[in-house]
Amino acid sequence: MIVVFDAHCLLCSGSVCYLLRHDRRRRLRYATVQSDAGRELLQRAGVDAIDPESFVLLDGTRTWTGTAAVLRVAHALGWPWRLAWVAWLIPCPLRDALYRWIARNRYRWFGRREICFVPDTDDAERFIR
């Protein structure tokens with residue numbers, strides 16, 4: 001499973017730091033939207049690399065965006081994060097509308113860094129460049 005994220009966004013890179021700490025089985029790998037590898041992955045998945053969702057999950061030939069991506073990542077983390085699956089009970093249009101509202105405002109609310117997120121040495125092998 002590969003998470004493609006915006007490395008300039010503080011919310012996105014903070015989320016990746018959280019995932020790195022809690023993915024004990026090391027199932028997730030990461031690529032930034034700003035990297036050649038990330039843009040290529042998005043292009044192959046049919047996601048606009050110029051204006052992508054703030055968070056995209058690729059698993060083999062399957063691609064998820066928005067809340068579906070978030071919930072699948074939570075499921076991959078195992079217990080207790082799998083409890084987030086209760087959010088599937090909320091209608092998708094409602095969940096995704098909230099997600100898009102947060103995504104549109106993420107730089108204003110959480111900030112933006114000028115240089116890309118750089119992982120710790122221990123986690124560098126989990127990043128696709």
What distance separates [X] [atom1] from [Y] [atom2], expressed to the nearest 0.5 Å?
| X | Y | atom1 | atom2 | result |
| --- | --- | --- | --- | --- |
| Leu11 | Ile102 | CG | CD1 | 8.0 Å |
| Leu41 | Thr63 | CG | OG1 | 9.5 Å |
| His75 | Leu83 | NE2 | CG | 10.5 Å |
| Trp88 | Thr67 | CH2 | OG1 | 6.0 Å |
| Thr65 | Asp48 | OG1 | CG | 12.0 Å |
| Arg21 | Arg24 | CZ | CZ | 11.0 Å |

Query - Joint cluster assignment, Tyr18 & Phe5, ILVMFWY side-chain distance < 4.5 Å - result: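 Tyr18 clusters together with Phe5.
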Query raised in the report: If Ile, Leu, Val, Met, Phe, Trp and Tyr residues are connected whenever their side-chain heavy atoms lie under 4.5 Å apart, and connections chain through other members, are Trp81 and Val3 in the same group?
Result: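 Linked within one cluster.
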Requested in this report: Carefully, step by step, assess Arg26 and Asp123 under the rule side chain to side chain contact (heavy atoms under 4.5 Å, CB included).
Outcome: CA-CA 10 Å; Arg26 301 176 73 84; Asp123 295 316; 3.9 Å; yes
Could you pull out the closest heavy-atom pair between [X] and [Y], with the gap in Å?
| X | Y | value |
| --- | --- | --- |
| Arg113 | Ser13 | NH2-OG, 3.4 Å |
| Ala84 | Leu71 | O-CD2, 3.3 Å |
| Tyr99 | Val70 | CE1-CG2, 4.1 Å |

Query - Backbone of Leu57 reached by a side-chain donor or acceptor of Arg62 within 3.5 Å - result: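 No; judged by distance alone, with no hydrogens or angles, the pair does not exist.
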Query raised in the report: Is it true that atom CD of Gln34 has more than 12 heavy atoms of other residues, nucleotides or ligands lying nearer than 6.0 Å?
Result: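 Above 12, so yes.
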**Report entry** Chi angles and distances behind the side chain to side chain contact (heavy atoms under 4.5 Å, CB included) call for Arg106, Asp6
**Finding:** CA-CA 11 Å; Arg106 68 187 189 270; Asp6 180 355; 3.0 Å; yes
Query - Contacts of type salt bridge (charged side-chain N to carboxylate O under 4.0 Å, His left out), residue Asp59, not counting sequence neighbours - result: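 Scan of Asp59 (salt bridge (charged side-chain N to carboxylate O under 4.0 Å, His left out), adjacent residues dropped) gives none.
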Query raised in the report: What residues, two or more places apart in sequence or in another chain, satisfy salt bridge (charged side-chain N to carboxylate O under 4.0 Å, His left out) together with Arg72?
Result: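 None.
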**Report entry** Residue pairs passing the salt bridge (charged side-chain N to carboxylate O under 4.0 Å, His left out) test where at least one lies in residues 79-96, sequence neighbours excluded
**Finding:**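 Sorted result for residues 79-96: empty, none.
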Query - Reference residue Asp23; test side chain to side chain contact (heavy atoms under 4.5 Å, CB included); the match among Arg126, Arg29, Met1 - result: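 Of the listed options, the one satisfying the test is Arg126.
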Query raised in the report: Are any non-hydrogen side-chain atoms of Ile128 and Tyr30 less than 4.5 angstrom apart?
Result: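 No. Closest side-chain heavy atoms not under 4.5 Å.
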